[in-house]
Amino acid sequence: MSGDHSHNDSQIDSGSRHNDSHKHKDKYKDKEHKHKDHKKDKEREKSKYSNSEHRDSSDKKHRDKDKERLKLKDGSSDKQKDKHKEKKKEERSFDGKPKKEKENGFESAEFKPKKIKTEEREKKAKKREQEEEDIKPKKKTKVKKGEAVTDGKKKAKKEPEEKWKWWEEERYTDGVKWKFLEHKGPVFAPPYEPLPSNVKFYYDGKHMKLSPGAEEVATFFAKMLDHEYTTKDVFRKNFFKDWRKEMTSEEKSKLTDLNKCDFSEMSEYFKAQSEARKAMTKEEKLKIKAENERILQEYGFCVMDNHKERIANFRIEPPGLFRGRGDHPKMGMLKRRIRPEDIIINCSKDSNHPKPPPGTKWKEVRHDNKVTWLVSWTENIQGSIKYIMLNPSSRIKGEKDWQKYEMARRLKKCVDRIRAQYREDWKSKEMRIRQRAVALYFIDKLALRAGNEKEEGETADTVGCCSLRVEHLTLHQEMDGQEYVVEFDFLGKDSIRYYNKVPVEKRVFKNLQLFMEDKEPEDDLFDRLNTSILNKHLQELMDGLTAKVFRTYNASITLQQQLNELTTSEDNVPAKILSYNRANRAVAVLCNHQRAPPKTFEKSMQNLQTKIDAKKEQLADAKRELKSAKADAKVRRDEKSKKAVESKKKAVQRIEEQLMKLEVQATDREENKQIALGTSKLNYLDPRISVAWCKKLGVPIEKIYNKTQREKFAWAIDMAEKDYEF
DNA sequence: AGTAAGACTTGGAACAATTTTA
DNA sequence: TAAAATTGTTCCAAGTCTTACT
């Protein structure tokens, strides 16, 4: 501590530090789980009411509603105004009325949708809706082959030819998420089909016929037999406990030891089934595909306000055994079957309400337009709520996503100030402020997650920044020629290991020593801090700021910097893409997005190398040929041999290019072995950076984003120009 | 202030579809 | 043209953060 001049560390008010450091342990509570009832596997018929019919009536209605929506932006009747002050400011800058964006000067041009006349817009929408009823899109010919097959039915609604540009429209400014919502409810998991009688279960070597309820749960286990986790103690214990609950009393008294259960015939049966599925004829496969398409058309879309939108997960999760990730205390527990009676439907009052399957009832139908979900139910493992929501391509998700990046860009404008502030706070005489400042430094520098407290025993033991424990870091005064190195080693989200050795500022180092003084390994590092305190502080530094904004900001700014550094316009397209992937990778490394190396990794690298070698040889051949052609041309001096030289030259060039491409591919793949790019691409990188980069360097957007991604980022693709700057 | 519920984003793996290779 | 490799999609768990409550 000698080097810390400004304050004497011992003066720090550390209060009852030691006492609360076990707070995360103190509140163990066993959550009551709702009782389960999986025995009622009822046959269900899908209710089939005419699509076009209910649309007609509703269309008019929600067109009117949309007008209301537009009016809302003036928002004078907002009763929640005071409470949501901050939000309102944010959203106002959003909706093209930037005038009162006084305070931080954070208003951003990109956030303002271009204004278009409302009547005009309505007309357009109307036209589109009509078209969509009866004609196929003509221009969009690039359509997927798969769908053409299913065109038989007249009902199938076609995509509007012109995609709706929601980003050019006004947004809701209060908590309202929609004015009109209509959908058909969820698709339930298919009912349990009992095993054929020749597939037997044995207990202690003896055949035993199980009751349907017990049999179903047994099949869940049988299907997982190849997985390592069925050998884990916790898994087996949890499974057996829950399985017994499904048994008849007779079964319960007989089946007392899981080790004596023989599921192998079941397991074989399911393997055979999946083989059979693979071996199906083309026709059979097509039939299944068509049926899936039909279900998608019927249940996969909803009407929200004026528009038909894709639903993300319209199927209810089927029953099965909970696996969880990492060392989860609940692994193996039975995830119960969800029935209509468990389901809460959310839709607008004046819509056609979804009908429960015949003979059943919904738990509840509500009309809450302050939320975005269509369907919810309570899951029995953690007692948490699951939702059916819209696809990322939908307006409601897209707006939120856009907003997220705008928030990150606002942080960009004041991050220097905030950094200066927390560095200053490292010297504070208050312990809680120092802790807050060091934690924030980690969140900023290392892109750590906030780290909410978790209930012990309910989940795997993982941590984020605020929940770090003393045992998760080791301090090295000096290491590998660097001073003040902190070695992190902990399990983060999804039990992914975070391991990193980071040189830090001396003052941070000293602070960490102080925080760790007199603590046990399992004590909290930041005993005077939690996410709610931290976020409250961030809120004061910038309107709307929370811990996760730093991840978004640092990810996006890193991508932009890396792209600037790595790419030249002279490069060819494959080289540019390699650079893009490298920039993307830098972000993934920052965010610690790891994956298990693909099982086929080694082999696929080998294959590539073989290809490269072959290509090299081919190149050598081509060069030889070129040489001899040249010699030949020198002697003969006629047109024909000159031409031959030219074509050989071309060949060499072509092969060189191919070789280059292969080598680039190999590099890319090798570097990507343990890195997962998907998450950062989808959730952290402002898509407008990528779009602008593509436009600037003449890289087709398809090389960077696949179809789904282009749908999700349609707003960015449409609005970002080549000079966009994050 | 602390806690629980609720809503929504983020995450890697499993699975399915498509493309490439032998 | 099957099967291997690769890419795209779905699945559903696990986070973050806000809100309601006491």
Side-chain angles (χ1 to χ4, degrees), chain A residues 20 23 26-27 29 31 80 83-84 86-87 144-146 175 177 227 274 277-279 285 288-289 292 312-318 320 322-326 328 330-331 335 344 346 368 370-373 376 378-379 381-387 389-392 396-397 400-401 404 449-455 458-460 462-467 492-496 530-536 538-539 544-549 551-552 588 591-596 598-601 603-605 607-608 610-611 665 669 675-680 682-684 705-709:
Chain A
D20 356 356
K23 59 192 171 197
D26 291 342
K27 43 177 175 226
K29 225 192 250 164
K31 259 194 208 156
Q80 283 184 304
K83 259 189 154 179
H84 300 276
E86 314 83 19
K87 226 187 227 157
K144 335 83 208 182
K145 306 157 225 160
K177 303 294 169 62
H227 264 109
S274 89
R277 225 171 303 128
K278 273 187 225 155
K285 282 183 181 167
I288 291 172
K289 205 171 167 188
N292 280 335
N313 56 325
F314 55 91
R315 288 172 200 276
I316 299 280
E317 295 172 18
F322 177 82
R323 177 36 179 109
R325 298 198 252 265
H328 199 115
K330 298 193 171 186
M331 64 170 82
K335 213 171 89 166
I344 301 175
N346 193 32
D368 182 356
K370 296 273 203 288
V371 297
T372 68
W373 53 268
S376 76
T378 301
E379 155 266 0
I381 303 291
Q382 323 266 1
S384 64
I385 306 170
K386 300 259 189 170
Y387 303 94
M389 292 183 187
L390 297 194
N391 199 66
I396 212 157
K397 293 291 183 188
K400 201 79 186 299
D401 207 36
K404 173 181 77 188
R449 296 185 186 82
N452 284 305
E453 291 128 291
K454 306 165 78 187
E455 259 182 294
E458 296 289 302
T459 61
T462 63
V463 298
C465 186
C466 294
S467 51
K493 183 180 180 185
D494 295 318
S495 294
I496 302 283
N530 61 37
T531 53
S532 134
I533 294 171
L534 178 66
N535 279 334
K536 222 161 270 165
L538 292 176
Q539 194 61 233
L545 186 62
T546 63
K548 87 186 185 83
V549 179
R551 252 169 101 80
T552 313
C591 295
N592 199 40
H593 290 144
Q594 298 186 18
R595 63 167 181 177
K599 288 197 172 60
T600 56
F601 186 84
K603 196 155 61 137
S604 105
M605 276 320 276
N607 291 164
L608 240 179
T610 320
K611 266 199 206 165
Q665 209 187 342
R669 191 175 302 176
I675 313 285
L677 299 184
T679 296
S680 49
L682 234 47
N683 299 303
Y684 287 104
Y705 292 136
N706 67 29
K707 182 162 82 66
T708 327
Q709 295 169 156

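Because only heavy atoms are used, hydrogens play no part in the values below, and waters and symmetry mates are left out as well, while side chains stay in. So that the names make sense, note that chain A is the first sequence line, chain B the second, and so on, each numbered from 1.
For the OP1/OP2 pair of B/dA7 and a distance below 4.0 Å, the side-chain nitrogens and oxygens of A/Lys177 include no atom meeting the criterion. OP1 or OP2 of C/dA13 has at least one side-chain nitrogen or oxygen of A/Lys386 nearer than 4.0 Å. Between A/Thr462 and the phosphate of C/dG15, there is a side-chain N or O to OP1/OP2 separation shorter than 4.0 Å. Residue A/Asn292 has no polar side-chain atom (N or O) positioned under 4.0 Å from OP1 or OP2 of B/dA16. Between A/Tyr684 and the phosphate of B/dT9, there is no side-chain N or O to OP1/OP2 separation shorter than 4.0 Å. Look at A/Lys548 and you'll find a side-chain N or O under 4.0 angstrom from OP1 or OP2 of B/dT10. An OP1 or OP2 oxygen of C/dG15 is reached within less than 4.0 angstrom by no side-chain nitrogen or oxygen of A/Asn452. Between B/dG12 and A/Gln594, no contact under 4.0 Å exists linking OP1 or OP2 to a side-chain N or O. For B/dC8, neither phosphate oxygen OP1 nor OP2 lies less than 4.0 angstrom from any side-chain nitrogen or oxygen of A/Lys400. The phosphate of C/dG15 (OP1 or OP2) has a side-chain N or O of A/Lys454 nearer than 4.0 angstrom. In terms of phosphate contacts, A/Arg449 brings a side-chain nitrogen or oxygen within less than 4.0 Å of OP1 or OP2 of B/dG11. When the side-chain nitrogen and oxygen atoms of A/Asn535 are compared with OP1 and OP2 of C/dC17, one or more of them lie within a distance under 4.0 Å. Neither OP1 nor OP2 of C/dA13 sits under 4.0 Å from any side-chain N or O of A/His328.
Of the N and O atoms on the side chains of A/Thr462 and A/Lys454, at least one donor lies less than 3.5 Å from an acceptor on the other residue.
Across the interface with DNA chain C, nearest-nucleotide mapping of A/Arg323 and A/Gln709 shows A/Gln709 to be the residue nearer the 5′ end. Residues A/Asp368 and A/Gly678 both approach DNA chain B. Their nearest nucleotides, taken by heavy-atom distance, put A/Asp368 toward the 5′ side. Each of A/Ile533 and A/Ile396 lies near DNA chain B, and the nucleotide nearest A/Ile533 is the one positioned closer to the 5' end. Nearest-nucleotide mapping onto DNA chain C: of A/Gly324 and A/Thr708, the residue sitting toward the 5' end is A/Thr708.
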What does the list of N/O pairs under 3.5 Å between the protein and nucleotides 20-22 of chain B look like, with a distance for each?
{"residue": "B/dT21", "atom": "OP1", "partner": "A/Lys611", "partner atom": "NZ", "Å": "2.5"}

remark   = Once base and sugar-phosphate atoms are separated, protein heavy atoms under 4.0 Å mark nucleotides 1-6 of chain C, 5' to 3', with B, S and - as ----SS
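Side chains of A/Met389 and A/Ile396 form no contact here, defined as non-hydrogen atoms less than 4.5 Å apart. For the pair A/Thr679/A/Cys591, no side-chain contact is recorded, criterion being any heavy-atom separation below 4.5 Å from C-beta on. Under the 4.5 Å side-chain criterion, counting only non-hydrogen atoms from C-beta, A/Thr372 is not in contact with A/Tyr387.
Straight-line distance from the CD1 atom of A/Ile316 to the P atom of C/dC11: 12 Å, rounded to whole Å. Here the C1' atom of nucleotide B/dT10 and the CZ atom of A/Arg551 are 9 Å apart, to the nearest Å.
When distances are taken from the side chain of A/Arg315 to each of C/dC11, B/dG12, C/dA14, the shortest belongs to C/dC11. The side chain of A/Met389 has B/dC8 as its nearest neighbour among C/dA14, B/dC8, C/dC12. Checking B/dG12, B/dT18, B/dA14 against the side-chain heavy atoms of A/His593 singles out B/dG12 as nearest.
The two residues A/Phe322 and A/Ile381 have their closest heavy-atom pair at CB-CD1, 3.7 Å.
A/Lys611 meets the salt bridge (charged side-chain N to carboxylate O under 4.0 Å, His left out) test with no other residue; sequence neighbours excluded. With sequence neighbours left out, the salt bridge (charged side-chain N to carboxylate O under 4.0 Å, His left out) criterion links A/Lys599 to no other residue. Applying the salt bridge (charged side-chain N to carboxylate O under 4.0 Å, His left out) criterion to A/Arg325, with sequence neighbours excluded, gives A/Asp494. The side-chain contact (heavy atoms from CB on, under 4.5 Å) test applied to A/Asn706 returns A/Thr708, A/Gln709, not counting sequence neighbours.
Residue A/Tyr387 is in base contact, counting any heavy-atom pair closer than 4.0 Å across all strands shown. Residue A/Thr459 is out of contact with every strand shown, counting any heavy-atom pair closer than 4.0 Å. Nucleic acid contact class of A/Ala460 (heavy atoms, under 4.0 Å, all strands): none.
Side chain of A/Gln539 to main chain of A/Gly544: a donor-acceptor pair is present (N/O by atom type, distance under 3.5 Å, no hydrogens or angles).
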query = Stepwise, does the side chain to side chain contact (heavy atoms under 4.5 Å, CB included) test hold for A/Arg449 with A/Lys548?
reply = CA-CA 7 Å; A/Arg449 296 185 186 82; A/Lys548 87 186 185 83; over 6 Å; no
